[in-house]
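When a ligand or atom number is given, it counts from 1 through the structure's own listing order. Note that the numbering runs from 1 along the sequence shown for the chain.
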Amino acid sequence: MAATGNSDAQKNILTWASNDGAFRRQASSFRNFIEKGGEFPPEKGRYHLYISHACPWANRTAIVRRMKGLESFIDVTVVSPYMGGLGWPFKKAADHSIEGAEDDPLYGVSHIRELYFKANPEYSGRFTVPMLWDKKAETIVNNESAEIIRMFNTAFNDQLPADKAAVDIYPKDLQAEIDSTNEWVYDTVNNGVYKSGFATTQSAYEAAVKPLFASLDRLEGMLNGKDYLLGDRLTEADVRLFTTIVRFDPVYHGHFKCNIGSIRHNYPNINRWMKQLYWNNSAFKDSTNFEHIKHHYYWSHRQINPTGIVPVGPIPLIESL
Ligand SMILES: N[C@@H](CCC(=O)N[C@@H](CS)C(=O)NCC(=O)O)C(=O)O
């Protein structure tokens, strides 16, 4: 229970902000694909997924793994949400215990960073989750959630039961629309909350929070009378938006100062859409862990919340249908 790592954690995150006070996310480094005939073929049991329940990017991969019925194909390990100066710790190295955090089943290492160095001793990027590991080649296949969910959508289809193979979150007829929606939703919403929260100047903060709410207004209009963002089907665009929206009232509204409005009070269509996904689809509900979410953000980001106190609310964390 040592209270170590806080100033390190602060340094760790402040290095993300550049001289103009704006947060810029680094591009992911490992960008290989699981594909037939490739270096990483779609073999059952060969790959291992490392995630944090706190992380919205990792959360995408957990949801799609469940939607596609890949549980017996790809094992998953959940790190502790108490990220400190050495990055994501496994259960045994975390400053606090919390239900659901796990140890590394493959090598018994203490932190995610050790796996990055195992894959590449010269690695100089960030030690992020999600991270997809190849047990055979003992290396990282990919650490970019947008690409991991694309792989999960198709790579194992030949080996899946027909109903799971048929689940397609990136259908041909909607691909162009999905791609163009992803672009602005990523920039202003998924990453927009981070740009607001990690900004270190008033102008950088306002330059992020205003477009964020303009995009929420646009999404509210798009979801008017609709259960899904694009077309009449659940697509990647819904998954990618959901993991940000489900964290919005519990964390981003307070911690990241995204408080021009809240989802439950100001965005009835977005709120209904989120609640339907959460309560009616177990892939979403079972992949969402509010304890890990709240404890990670409020405890780990000491430059924003120096006391590390985790707020009690909102109550409820998500409204019932
Ligand atoms: N572009 C990456 C971003 C992943 C990412 O930034 N994950 C965060 C957690 S939410 C992380 O692991 N941060 C650790 C660090 O940067 O030290 C993706 O979508 O997979």
Side-chain angles (χ1 to χ4, degrees), residues 5-6 8-18 23-33 49-65 76-90 93-94 101 110-117 119 123-133 140-152 182-183 185-187 189-198 236-237 239-248 250-252 255-256 287-289 292-304:
N6 297 336
D8 280 350
Q10 180 164 351
K11 229 186 309 163
N12 188 29
I13 288 155
L14 283 177
T15 55
W16 289 39
S18 46
F23 165 72
R24 293 190 179 82
R25 186 173 296 278
Q26 199 177 72
S28 305
S29 312
F30 295 90
R31 312 295 287 265
N32 293 301
F33 275 77
L49 180 64
Y50 289 95
I51 61 167
S52 160
H53 282 321
C55 170
W57 320 100
N59 197 185
R60 299 169 166 183
T61 66
I63 291 169
V64 177
R65 174 177 170 268
V76 69
T77 294
V78 178
V79 299
S80 165
Y82 297 107
M83 186 177 89
L86 293 173
W88 294 107
F90 289 98
S110 298
H111 293 85
I112 280 286
R113 66 192 294 132
E114 292 162 74
L115 299 171
Y116 274 84
F117 287 131
Y123 183 71
S124 61
R126 302 200 68 89
F127 310 104
T128 55
V129 290
M131 187 266 271
L132 186 64
W133 181 264
I140 297 171
V141 180
N142 198 302
N143 68 338
E144 172 50 54
S145 62
E147 293 177 354
I148 296 173
I149 64 174
R150 289 266 165 102
M151 285 180 232
F152 285 2
N182 284 349
E183 213 167 297
V185 170
Y186 170 80
D187 185 44
V189 181
N190 304 138
N191 207 28
V193 293
Y194 282 90
K195 289 194 276 189
S196 300
F198 286 153
E236 193 187 280
V239 175
R240 291 171 51 124
L241 180 62
F242 175 86
T243 66
T244 296
I245 298 300
V246 81
R247 285 162 176 71
F248 205 95
V251 169
Y252 301 145
H255 185 62
F256 278 173
S287 305
T288 304
N289 184 320
H292 282 225
I293 291 170
K294 285 180 38 171
H295 280 255
H296 165 65
Y297 285 93
Y298 281 105
W299 188 90
S300 291
H301 301 161
R302 293 301 171 95
Q303 81 280 26
I304 300 174

Engineer: Run the numbers for me: atoms of ligand 1, each under 4.0 Å from some heavy atom of W88, listed by number.
Structural biologist: 9 (C), 11 (C), 12 (O), 13 (N), 14 (C)
Engineer: Does I148 reach ligand 1, in the sense of a heavy atom lying below 4.0 Å from it?
Structural biologist: no
Engineer: Is the distance between the ring centroids of F30 and W133 less than 6.0 Å?
Structural biologist: no
Engineer: Check for me whether P130 has a heavy atom closer than 4.0 Å to any atom of ligand 1.
Structural biologist: yes
Engineer: Among N59, V79, N289, which one satisfies side chain to side chain contact (heavy atoms under 4.5 Å, CB included) with S52?
Structural biologist: V79
Engineer: For ligand 1, which atoms, with element, lie under 4.0 Å from some heavy atom of N143?
Structural biologist: 20 (O)
Engineer: Would a 4.5 Å heavy-atom cut-off, applied to side chains only, mark K195 and D187 as touching?
Structural biologist: yes
Engineer: So how far is it from L49 CG to T61 OG1, rounded to the nearest 0.5 Å?
Structural biologist: 4.0 Å
Engineer: Might you work through the side chain to side chain contact (heavy atoms under 4.5 Å, CB included) test for N32 and V141, ending with a clear yes or no?
Structural biologist: CA-CA 5 Å; N32 293 301; V141 180; 4.1 Å; yes
Engineer: Could you check which of S145, A146, S52, P56 puts a non-hydrogen atom nearest to atom 18 (C) of ligand 1?
Structural biologist: S145
Engineer: Going by the atom numbers of ligand 1, which of them fall below 4.0 Å from some non-hydrogen atom of E144?
Structural biologist: 1 (N), 2 (C), 18 (C), 19 (O), 20 (O)
Engineer: Any heavy atom of Y194 sitting closer than 4.0 Å to ligand 1?
Structural biologist: yes
Engineer: Please identify which atoms of ligand 1 are closer than 4.0 Å to at least one heavy atom of C55.
Structural biologist: 7 (N), 9 (C), 10 (S)
Engineer: Quick check on contacts: which atoms of ligand 1 are under 4.0 angstrom from a heavy atom of R126?
Structural biologist: 15 (C), 16 (O), 17 (O)
Engineer: Going by the angle between their ring planes, with limits at 30° and 60°, are Y297 and H255 parallel, tilted or perpendicular?
Structural biologist: perpendicular
Engineer: Taking S300 for the side chain and M83 for the main chain, is one N or O donor matched with an acceptor at less than 3.5 Å?
Structural biologist: yes
